[in-house]
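These values consider heavy atoms only, across backbone and side chains, with no hydrogens, waters or symmetry-generated copies. Whatever order the structure lists ligands and atoms in, that order sets their numbers, starting from 1.
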Amino acid sequence: MISRPHWSAPAKPAGAFPLTEQDLIPVRMLNEFAYCPRLGYLEWVQGEWAENLETKQGTFGHRNVDKPDRKNIPAVTEDHEQAASAPDEVEAQNDPFESPIHARSITLSSDEDGILAKLDLLELSGKQATPVDYKRGAVPEIPEGAWEPERVQICAQGLILRANGYECTEGVIYYIASRRRVVIPLTEGLVSRTRELIAQFRAAAASGICPPPMEDSPKCPRCSLVGICLPDETNLLLHQLEFLDGGEPRTEGFSPAAPRKLLPARHNALPMYIQHQGAFIGKSGDRVTVKLKSKELASVRLLDVSQVCVFGNVMFSAHAIKELTLRNVPIVHLTYGGWFHSMTTGLSHKNVELRIQQYRVADNPGASLSIAKQLIAGKIKNSRTLLRRHLGDREAPVLRHLAEYYKRVQRAESAETLLGLEGMAAKEYFAAFFTLLAGQQEFDVNGRNRRPPRDPVNAVLSFVYSLLTKELTITLNSVGFDPMLGFFHRPRYGRPSLALDLAEEYRPLIADSVTLTAFNNGEVNRDSFIERAGAVAMTDAGRRSVIAAFERRMDTEVTHPIFGYKISYRRILEVQSRLLARHLLGEIPEYPSFVTR
Ligand code: SF4
């Protein structure tokens with residue numbers, strides 16, 4: 001259920017992260033903007049990027065032309081033709097294009113049009129220059145010979161060559177799958193359309209407002225950013241809110257269909273956990289290796305690793321660190337006991353715009369409270385669902401009490417009231433939760449306790465909460481947030497407050513559920529724990545069992561309550577984090593919490 005928000009995301013001032021006239025638009029981005037204005041904005045202004053099969057095929061198709069050659073290309077001068085023909089300066093190429101000069105991977109720009117391009121191939125004959133752009137697909141069966149974004153891109157390259165003194169009357173698109181050249185004349189109409197798009201792109205970037213997603217477009221499933229853009233999801237949420245508000249639909253006659261299934265439903269790469277003290281992590285070819293005293297314990301393809309989690313004292317080679325960070329595979333550091341304390345990653349996500357807006361909202365008590373209420377309401381509802389499924393008594397008072405707390409949370413008018421309601425709801429919830437554990441007498445459970453945990457159930461709960469916080473820190477970081485600044489948990493030195501905020505909704509669904517499974521299925525038992533001076537910790541084997549249960553849960557596919565498709569819990573964390581980003585950036589009026597039925 002989505003209700004009308006009590007606040008609006010603080011509007012970004014136009015050009016909150018302004019791109020200036022000096023920022024040249026890469027013509028590859030102009031191609032994306034012509035394909036979909038939102039795509040161009042997401043990639044150029046927000047620095048988003050994601051690979052899909054088509055982008056990988058494109059990279060593979062460009063593998064030769066992306067290698068710059070060392071050829072000397074003469075600048076255009078009066079005696080250019082003479083210079084160009086000098087045998088010592090340039091070398092005629094014996095290739096399919098039979099042009100006097102072929103040069104690969106040349107970067108040029110035009111200040112006049114404010115654009116920049118890396119030309120795949122430049123054909124030069126005297127002052128006459130022809131850009132050649134390689135495309136992975138086949139020649140499209142359309143009269144123009146190429147789609148508009150590609151024609152605009154090649155035209156922009158031609159304009160750059162003109163600005164550098166060359167004569168350029170046409171460009172060429174070489175379609176790799178068809179092995180055919182298509183000549184694109186630089187007509188007045190194409191030049192004026194190209195300049196129009198450049199102006200529109202620059203205006204969109206300066207406005208600081210991301211263009212809206214397309215509606216039910218066949219372009220979206222092919223778009224590599226579909227999982228970041230969330231076009232169907234954003235449109236559906238907007239439509240629901242407009243409908244509830246009694247307003248006019250954003251587009252007349254538009255009625256959003258159920259969102260198309262988000263692919264992939266789960267990630268193929270998985271986390272790697274290393275608990276062996278003194279282990280050494282290295283890189284060998286395309287694999288991560290784990291050794292202990294020269295004995296190889298594991299060797300895993302880098303492609304299959306999404307994160308490397310190490311407990312206690314584990315060492316890394318410089319090569320391994322470099323390769324993992326370059327591939328955006330975070331290295332997660334936990335204490336030997338399982339407390340998540342730090343992370344090694346590559347440079348921060350480029351989406352500065354999102355972080356600026358996150359800080360603005362965190363500094364606005366009303367805006368922060370509105371998001372915090374959604375998160376805590378979601379947590380209470382999910383806690384109630386877990387109890388309803390396991391208690392076997394639909395009339396249990398705790399269910400009624402949690403339903404009341406849920407309503408009171410939505411009416412909370414201050415952060416302090418919300419904190420109090422969350423605490424009271426948690427107390428009632430845990431009193432019932434501990435009764436669900438098989439053999440609870442054996443484990444001497446006395447309610448929720450921590451720092452340090454004083455019984456096995458609390459030891460497992462604390463460990464799984466730590467794993468969940470680690471998971472959300474990684475996800476938020478990859479989406480472009482600063483995980484340390486939250487809206488419910490106030491900032492504290494070294495505390496990933498935003499990860500803890502988002503974790504609230506998933507504690508019952510993931511962490512508490514894993515704990516129940518681990519105990520009730522006998523995956524952990526007395527031998528999985530050790531007790532020291534009243535504090536209870538897990539053994540290596542106990543931690544291994546809990547990690548296995550946690551990973552199974554993260555990989556479980558669940559139906560998204562609003563969008564109706566099934567994706568793994570790990571993907572849910574990502575989708576929800578992206579929805580929070582869409583909300584902060586002003587695209588959807590409310591963050592929709594994740595609640596199961
Ligand atoms: S998913 Fe669709 S709306 Fe979103 S950027 Fe790609 S093409 Fe544009």
Side-chain angles (χ1 to χ4, degrees), residues 17 19 25-59 135-137 140 146-153 197-198 200-205 207-242 249-251 253-265 349-351 353-354 478-480 560 562-565 567 571 574-588 592:
F17 177 46
L19 286 155
I25 301 174
V27 300
R28 191 173 53 80
M29 295 291 157
L30 187 63
N31 174 322
E32 308 287 39
F33 186 79
Y35 182 82
C36 164
R38 184 174 172 87
L39 178 61
Y41 188 98
L42 288 173
E43 288 197 356
W44 188 43
V45 181
Q46 296 192 348
E48 297 287 6
W49 175 248
E51 291 271 24
N52 68 1
L53 184 62
E54 294 189 11
T55 60
K56 283 183 182 159
Q57 285 173 343
T59 307
K135 295 291 173 208
R136 49 168 275 283
W147 299 108
E148 186 188 55
E150 292 160 0
R151 284 185 282 121
V152 163
Q153 183 177 356
L197 283 167
I198 292 170
Q200 286 176 6
F201 198 179
R202 195 164 287 288
S207 76
I209 297 168
C210 188
M214 291 188 178
E215 287 165 357
D216 206 23
S217 167
K219 290 181 177 179
C220 297
R222 297 181 51 204
C223 173
S224 67
L225 290 200
V226 66
I228 292 172
C229 164
L230 300 176
D232 296 354
E233 294 80 353
T234 305
N235 282 325
L236 182 73
L237 290 170
L238 270 174
H239 185 79
Q240 284 182 346
L241 284 160
E242 281 161 353
R250 190 156 49 96
T251 305
F254 171 64
S255 171
R260 290 162 283 192
K261 185 166 167 112
L262 201 58
L263 295 172
H349 192 285
K350 293 182 200 159
N351 196 348
E353 200 180 36
L354 175 59
S478 72
V479 169
H560 195 286
I562 302 173
F563 307 137
Y565 49 59
I567 49 176
R571 287 285 272 152
E574 186 189 331
V575 168
Q576 292 296 118
S577 302
R578 293 201 184 283
L579 290 178
L580 180 60
R582 297 271 153 259
H583 168 57
L584 293 190
L585 291 169
E587 288 193 16
I588 51 174

For Met214 and Tyr35, run side chain to side chain contact (heavy atoms under 4.5 Å, CB included): C-alpha distance rounded to whole Å, both residues' side-chain angles, the deciding distance at 0.1 Å, then the answer. CA-CA 11 Å; Met214 291 188 178; Tyr35 182 82; 5.6 Å; no
Between His560 and Gln576, is a side chain to side chain contact (heavy atoms under 4.5 Å, CB included) present by the stated rule, with each step listed? CA-CA 10 Å; His560 195 286; Gln576 292 296 118; 2.9 Å; yes
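- Identified under the salt bridge (charged side-chain N to carboxylate O under 4.0 Å, His left out) test for residues 578-587, with sequence neighbours left out: Arg38-Glu587, Glu574-Arg578, Arg582-Glu587.
- To the nearest 0.5 angstrom, Leu585 atom CG is 11.0 Å from Ile209 atom CD1.
- Neighbouring protein atoms of atom 8 (Fe) of ligand 1 (N, O or S, distance under 2.8 Å, waters ignored): Cys36 SG.
- Judged purely by atom type and a 3.5 angstrom limit, Asn31 has no side-chain atom pairing as donor or acceptor with the backbone of Gln153.
- No donor-acceptor pair under 3.5 Å is formed between the side chain of Glu215 and the backbone N or O of Pro231.
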